[in-house]
Amino acid sequence: MNSQPERLSFGTVSLVTQGEHKFYTTTIPSEVLARTCVAISREENNIDGFQRVLDRKRAQDIADYIDNGLGTVPSSIVLSSQDDAELVYDSKRKSISFKDISQAFLILDGQHRVFGFALAEKKLRVPVVIYDNLNKREESRLFIDINSKQKGVPSELLLDIKKMAEYENDAEATMRIIFDRFKDDPTTVLYGKLSPSKKVSGKITRTVFNAAVGPLVKLFKSMSDDEVYDVFKAYFQATYDSIFDAKGVERDFFQPTVFKAVSGFFPAVARRTKDRFGAIYSYDNFSEVLSPVSDKFRPAKVKESKNAYKPLVKHLEECLDSDFYL
């Protein structure tokens, strides 16, 4: 004869009413959440599932964060109690109890944190919000509401404060230094065109800058941050003057997709510059290499590159290569 599952009980529970819904708030040990919660992805079950596919690396990052003793996870996990859990609320004791079973709760928000708890060695007491007696329609709607109406911190702001938090790696530190130099240097073409902590129309954010310029830093090997900055300063100014200003599309230079294309064009221009002038990456040398590109460059290609930068890189490289003869 099979024994009945154990019932777990947790106190200090508050019953909260918001609009049409009621839910309970309390804290539950992370190991209990790890074994009693389930997240169903659409790929696993296209009828009842609506959760995103689990990103295991993200879950492992959370586990490592917990085990390394670095932090705290204060935000609540949002759950929907399933019928088999047989959730009971005791208003006198301000407690809830439920069966200790593997699918007692469906995760509406926080699946990566829960799976991170499962992977972690250390245990935490975790805030939870528990809805009860929801049907699938209500669960689905709550999932949509939670994930569409809550707004995360902009990535630009996170990058901007990483130095303060001492979370930067070497590559991020280099990119921050270069970005800030461009932001503060009135002699550069990017002066007044950069936004460090938020998205602003017509300006290049730190996130876009890092995505565009970051992959190029590895080309510089042992150069100092100042030397890297000087090369990029000369290149961006020469590209702006020789191509974009010359063709009357100077304002487009600062659009994210176009700036990524200009950055992606850098290795081809730098290679040609080195072949012709040695490792002297000056404004004049870049301008000399770029001068034939302007004659063949088609401004319409800029307008066509609103959502994809690689076609514009290809066009720029074709304009450069057309000047090469054996």
Side-chain angles (χ1 to χ4, degrees), residues 3-16 18 21-67 71-90 94-150 152:
S3 60
Q4 290 294 315
E6 179 185 355
R7 289 191 66 83
L8 303 175
S9 180
F10 298 96
T12 319
V13 174
S14 295
L15 174 60
V16 181
Q18 288 184 350
H21 294 291
K22 295 182 179 181
F23 55 81
Y24 307 108
T25 64
T26 187
T27 60
I28 294 178
S30 56
E31 66 270 24
V32 173
L33 292 176
R35 71 172 184 263
T36 61
C37 294
V38 62
I40 306 171
S41 74
R42 291 289 297 178
E43 285 73 11
E44 291 166 353
N45 183 329
N46 61 7
I47 296 176
D48 297 328
F50 47 80
Q51 282 279 8
R52 292 165 294 172
V53 175
L54 175 68
D55 182 342
R56 295 188 179 279
K57 181 182 182 302
R58 183 178 171 192
Q60 185 61 57
D61 288 344
I62 293 171
D64 294 341
Y65 175 72
I66 294 169
D67 286 339
T72 174
V73 186
S75 54
S76 296
I77 307 296
V78 183
L79 307 172
S80 175
S81 177
Q82 301 300 287
D83 291 342
D84 290 344
E86 297 181 7
L87 182 76
V88 175
Y89 172 60
D90 187 326
K94 301 294 182 183
S95 67
I96 56 170
S97 64
F98 53 87
K99 286 184 178 180
D100 188 0
I101 57 175
S102 61
Q103 298 188 30
F105 302 103
L106 177 69
I107 306 171
L108 299 180
D109 186 50
Q111 70 164 351
H112 287 93
R113 279 168 282 160
V114 173
F115 279 89
F117 299 152
L119 296 172
E121 294 182 6
K122 289 187 177 179
K123 309 306 176 186
L124 302 175
R125 192 86 178 193
V126 181
V128 295
V129 168
I130 302 176
Y131 288 89
D132 192 23
N133 295 320
L134 296 180
N135 57 39
K136 291 302 177 186
R137 174 177 171 273
E138 291 170 325
E139 287 177 340
S140 300
R141 287 192 170 189
L142 273 173
F143 175 81
I144 291 171
D145 290 346
I146 291 169
N147 287 278
S148 63
K149 291 181 171 57
Q150 65 182 8

Is there a donor-acceptor contact under 3.5 Å from the side chain of [X] to the main chain of [Y]?
X      : Y      : result
Arg113 : Ser75  : yes
Gln111 : Asp109 : no
Thr26  : Gly11  : yes
Asp67  : Glu121 : yes

Please name the pair of heavy atoms, one in [X] and one in [Y], separated by the smallest distance, quoted to 0.1 Å.
X      : Y      : result
Thr27  : Pro127 : CG2-CA, 4.0 Å
Ile130 : Ser81  : CG2-CB, 4.1 Å
Phe115 : Ala59  : CB-CB, 4.0 Å
Pro29  : Phe10  : CD-CE2, 3.3 Å
Ala63  : Ala120 : CB-N, 3.7 Å
Gln60  : Leu119 : OE1-CD1, 3.6 Å

When you compare the side chain of [Y] with that of [X], does any pair of heavy atoms fall below 4.5 Å?
X      : Y     : result
Val88  : Arg7  : yes
Ile96  : Leu87 : yes
Ile28  : Phe98 : yes
Asp100 : Thr36 : yes
Tyr131 : Lys22 : no

From CA spacing to verdict: side chain to side chain contact (heavy atoms under 4.5 Å, CB included), Lys122, Leu124: CA-CA 7 Å; Lys122 289 187 177 179; Leu124 302 175; 5.6 Å; no

Atom pair [atom1] ([X]) and [atom2] ([Y]), whose distance is rounded to the nearest 0.5 Å:
X      : Y      : atom1 : atom2 : value
Tyr89  : Ser97  : OH    : OG    : 12.0 Å
Asp64  : Ile66  : CG    : CD1   : 9.5 Å
Ile77  : Leu33  : CD1   : CG    : 6.5 Å
Phe143 : Leu106 : CZ    : CG    : 9.5 Å
Cys37  : Ile107 : SG    : CD1   : 5.0 Å
Ile101 : Glu6   : CD1   : CD    : 12.5 Å

Enclosure of Asn135 CG (heavy-atom neighbours >12, cutoff 6.0 Å):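 Atom CG in Asn135 is packed in, count exceeds 12.
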
Heavy atoms from other residues, nucleotides or ligands near CZ of Arg35 exceed 12 (cutoff 6.0 Å):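 Above 12, so yes.
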
Audit row: Lys136, Glu139, salt bridge (Lys or Arg N to Asp or Glu O under 4.0 Å) steps and yes/no: CA-CA 5 Å; Lys136 291 302 177 186; Glu139 287 177 340; 3.4 Å; yes

Residue pair Glu86, Lys99: steps toward the salt bridge (Lys or Arg N to Asp or Glu O under 4.0 Å) verdict: CA-CA 6 Å; Glu86 297 181 7; Lys99 286 184 178 180; 3.1 Å; yes

